[in-house]
There are 2 protein chains.
Amino acid sequence: MEKTVYVRPTFTKLPSDKKERILDVAIDEFSRCGYDKASINRMVGRLGIAKGSIFQYFGSKKNLYFHIFEHAVALVKRSLKGVKAGSEGEDFFIRLAMSLQAGIYFIRRYPRIYQIYLKMLFQEDFPFRADLLKTIRLFSIDYLRPIIEEAVTAGQLREDLDPELAAFFLDAVLDRFLQAYCVAYMDSGLGLYQADEKVIEERIQDCIEMVRLGMATGDSPPGESAAKSMEHRA
Amino acid sequence: MEKTVYVRPTFTKLPSDKKERILDVAIDEFSRCGYDKASINRMVGRLGIAKGSIFQYFGSKKNLYFHIFEHAVALVKRSLKGVKAGSEGEDFFIRLAMSLQAGIYFIRRYPRIYQIYLKMLFQEDFPFRADLLKTIRLFSIDYLRPIIEEAVTAGQLREDLDPELAAFFLDAVLDRFLQAYCVAYMDSGLGLYQADEKVIEERIQDCIEMVRLGMATGDSPPGESAAKSMEHRA
DNA sequence: CCTTATGATGACCACCTGGTCATTTTATTG
DNA sequence: CAATAAAATGACCAGGTGGTCATCATAAGG
């Protein structure tokens with residue numbers, strides 16, 4: 001997926017402001033409608049250029065989409081690299097919170113990129129969806145796992161923790177957090193949808209705390225609860 | 001959404017085997033292609049009936065979809081009711097495991113239903129998606145929350161646990177588990193995709209255990225770790 | 001200034017979509 | 001059996017799609 005070029009020289013030679021305008025409109029269309037319902041006619045209508053030009057630039061709708069996707073992946077990678085470097089040496093749960101916060105920042109800056117990702121997630125019939133997903137899902141494998149393993153050796157996480165399971169688990173929670181932030185009705189009434197900075201920050205802390213400590217009462221394994229008489233509050 | 005009828009008497013009067021065949025093909029088409037790409041032409045082709053008949057039965061593509069969706073929601077509700085009743089009185093984490101296991105069973109029995117749900121999840125432009133999602137997302141609100149609250153009063157969960165947060169959290173993990181089971185590349189290398197009963201059962205236990213105990217070492221709150229010298233193994 | 005190469009254009013193509021409806025077939029009733 | 005009601009049919013419609021390409025405009029080079 002890396003080496004392939006989805007763009008023709010005719011497009012490359014274009015003045016960069018025109019290139020940006022074209023990509024901007026295309027990203028907007030794809031993020032709003034998803035791949036299938038996105039319309040080239042509508043794009044060229046908004047751009048005020050001829051339909052043929054788009055095909056001269058990209059060859060096909062698919063190539064246009066892939067070019068944008070590649071661009072998006074590059075942005076994500078850069079963002080992740082930034083957080084990883086910027087949180088080096090910190091406590092694991094701090095790093096986690098920073099990663100989640102960075103996800104929110106990313107979505108705030110590039111709202112339409114995440115939409116494009118979500119819209120293709122479950123369209124299996126999608127051409128090359130497997131490749132695209134593999135590329136994007138490096139998150140949990142390339143990003144989270146090393147951090148987890150470091151934290152285990154640093155004694156911040158249980159010694160017997162299964163890194164793969166932990167990566168899956170965190171990926172689930174973090175991804176859903178982002179989904180809840182930018183898609184309605186995914187927040188189980190937590191009020192995450194398009195929430196402002198303050199709320200997000202609090203909820204991130206709450207979530208991370210839950211990841212840290214789990215849900216069970218402090219003392220009791222599976223069996224009967226011995227915490228009945230513990231009536232301390234606050 | 002409950003009272004509305006998406007089906008015309010002409011369809012109701014049909015012999016039930018024909019009705020089932022039609023719904024079966026329609027469910028298949030929708031689950032494979034999603035709403036937009038699903039083709040009425042293809043359905044009637046496979047069914048060997050006239051296109052007009054479908055519109056005589058349902059009036060529109062949307063109605064056909066809604067009828068199926070309603071059917072699906074009923075199935076889910078029934079399944080949930082079953083687990084809830086069948087796990088009454090059990091320990092919270094047992095109930096959790098049973099719920100997740102029931103989700104897997106459900107997907108095994110009705111693989112295409114879950115696909116239909118996934119395919120509409122992030123298509124915001126979808127007509128009435130809000131209503132459909134509200135109906136389906138009752139899971140975390142109507143199903144999980146009462147169970148959580150019971151468990152808090154029973155002393156199985158932290159006293160200071162925020163039920164809304166817990167519901168969100170569990171919904172995230174459980175839903176992702178199901179997604180990983182039936183969609184490729186969502187399992188972060190855990191091997192959940194179309195895994196067999198044995199693997200699933202183990203992984204459910206692992207996940208629930210992680211929900212129970214969290215990830216941190218047993219003793220240390222945020223600050224420095226005091227577990228460095230604890231070199232017990234296994 | 002003319003020639004040649006390159007880019008922009010939009011009419012046009014085949015194809016497919018959801019939906020309609022006059023017509024025919026089948027079932028019901030007197 | 002005839003008359004009527006109900007259901008099945010598929011040709012047909014308008015509208016949209018991604019994609020093509022002959023034609024025209026512009027730029028480059030001699």
Side-chain angles (χ1 to χ4, degrees), chain A residues 5-23 25-30 32-69 119-120 123 125-128, chain B residues 5-23 25-30 32-69 119-120 123 125-128:
Chain A
V5 166
Y6 303 111
V7 95
R8 305 225 170 132
T10 319
F11 181 73
T12 315
K13 285 187 237 154
L14 246 39
S16 56
D17 61 329
K18 186 171 183 181
K19 280 194 282 188
E20 277 165 31
R21 228 171 68 79
I22 290 175
L23 290 181
V25 167
I27 288 173
D28 198 71
E29 179 74 11
F30 280 126
R32 268 190 224 283
C33 310
Y35 179 81
D36 286 311
K37 287 172 82 179
S39 158
I40 306 272
N41 289 331
R42 215 153 32 207
M43 292 184 205
V44 298
R46 282 177 59 186
L47 284 166
I49 66 173
K51 187 176 188 172
S53 295
I54 290 288
F55 289 91
Q56 196 132 47
Y57 299 153
F58 301 97
S60 69
K61 187 184 183 182
K62 215 189 302 190
N63 274 9
L64 170 56
Y65 184 86
F66 282 1
H67 178 69
I68 285 171
F69 203 90
K119 294 230 160 96
M120 73 80 100
Q123 314 299 314
D125 52 321
F126 200 88
F128 297 93
Chain B
V5 167
Y6 303 112
V7 96
R8 304 223 172 135
T10 319
F11 181 73
T12 316
K13 283 186 237 156
L14 246 40
S16 56
D17 61 329
K18 185 170 183 183
K19 279 193 283 189
E20 277 164 31
R21 230 171 64 81
I22 291 174
L23 290 182
V25 168
I27 287 172
D28 199 71
E29 179 75 10
F30 280 125
R32 267 191 224 282
C33 311
Y35 179 80
D36 286 310
K37 286 173 83 179
S39 159
I40 306 275
N41 288 331
R42 215 151 36 207
M43 293 185 204
V44 298
R46 283 178 57 186
L47 284 166
I49 67 173
K51 187 178 191 170
S53 295
I54 289 288
F55 290 91
Q56 195 133 48
Y57 299 153
F58 301 97
S60 69
K61 188 184 184 182
K62 214 189 304 189
N63 275 9
L64 170 56
Y65 186 86
F66 282 1
H67 178 68
I68 285 171
F69 203 91
K119 293 230 161 94
M120 72 80 101
Q123 315 299 315
D125 52 323
F126 200 87
F128 297 94

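Here is how names work: the chains are called A, B, and so on, in the same order as the sequence lines, proteins then strands, and each is numbered from 1. Values below: all heavy atoms of this structure, side chains included; hydrogens, waters and symmetry mates excluded.
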Item checked: Residues forming a side-chain contact (heavy atoms from CB on, under 4.5 Å) with B/Ser39, sequence neighbours excluded ->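 Listed in chain order: B/Glu29, B/Asn41, B/Arg42.
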Margin query: I'd like to check the side-chain contact (heavy atoms from CB on, under 4.5 Å) partners of A/Val25; sequence neighbours left out, ordered by chain and number.
Written below: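 For A/Val25, the residues satisfying side-chain contact (heavy atoms from CB on, under 4.5 Å) (neighbours in sequence not counted) are A/Met43, A/Arg46, A/Leu47.
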Next item on the list: Return one dot-bracket line describing DNA chain D 5' to 3' (Watson-Crick or G-U wobble pairs, both distances under 3.5 Å; ( ) same strand, [ ] crossing, | another strand, . none).
Entry: ||.||||||||||||||||||||.||||.|
Check: Nearest 0.5 Å, what's the OH-OH distance between B/Tyr35 and B/Tyr65?
Finding: 9.0 Å
In whole angstroms, how far is the [atom2] atom of [N] from the [atom1] atom of [X]?
X: B/Ile40; N: D/dC12; atom1: CD1; atom2: C1'; result: 17 Å
X: B/Lys62; N: C/dT17; atom1: NZ; atom2: P; result: 19 Å
X: A/Leu14; N: C/dT6; atom1: CG; atom2: C1'; result: 13 Å
X: B/Lys37; N: D/dT17; atom1: NZ; atom2: P; result: 15 Å
X: A/Asn41; N: C/dT9; atom1: CG; atom2: P; result: 15 Å
X: A/Met43; N: D/dG16; atom1: CE; atom2: P; result: 16 Å
X: A/Asp36; N: C/dT17; atom1: CG; atom2: P; result: 12 Å
X: A/Tyr65; N: D/dG18; atom1: OH; atom2: C1'; result: 17 Å

Checklist line | A/Asp36: side-chain hydrogen bond (donor to acceptor under 3.5 Å, both in side chains) partners, not counting sequence neighbours | finding: none
Checklist line | Residues which pass side-chain hydrogen bond (donor to acceptor under 3.5 Å, both in side chains) with A/Arg21, listed by chain and number, not counting sequence neighbours | finding: none
Margin query: Whether A/Lys51 contacts D/dG19 is assessed here as follows: a side-chain N or O lying under 4.0 Å from the phosphate OP1 or OP2. Is that the case?
Written below: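 False: A/Lys51 side-chain N/O out of range (4.0 Å or more) of D/dG19 OP1/OP2.
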Check: Taking the six-membered ring for Trp, is the centroid-to-centroid distance between A/Tyr6 and A/Phe58 below 6.0 Å?
Finding: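 No - the distance between ring centres of A/Tyr6 and A/Phe58 does not fall below the 6.0 Å cut-off.
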Notebook entry, point to check: Can you check whether A/Phe69 and A/Phe30 have ring centres sitting under 6.0 Å from each other?
Noted result: no
Any idea which of [options] is nearest the [X] side chain?
X: B/Ile49; options: D/dT9, C/dG18, D/dA7; result: D/dT9
X: B/Thr10; options: C/dT6, D/dT17, D/dA8; result: D/dA8
X: B/Arg42; options: C/dT17, C/dT6, D/dA7; result: C/dT17

Item checked: Evaluation steps, side-chain contact (heavy atoms from CB on, under 4.5 Å), between B/Phe55 and B/Ile40 -> CA-CA 10 Å; B/Phe55 290 91; B/Ile40 306 275; 4.0 Å; yes
Margin query: Using side-chain contact (heavy atoms from CB on, under 4.5 Å), reason through A/Leu23 and A/Ile68 one step at a time and then give a plain yes or no.
Written below: CA-CA 7 Å; A/Leu23 290 181; A/Ile68 285 171; 4.2 Å; yes
Next item on the list: Tell me which residues in residues 52-61 of chain B put a heavy atom below 4.0 Å from DNA chain D, sorted by number, or none.
Entry: B/Gly52, B/Ser53, B/Gln56, B/Tyr57
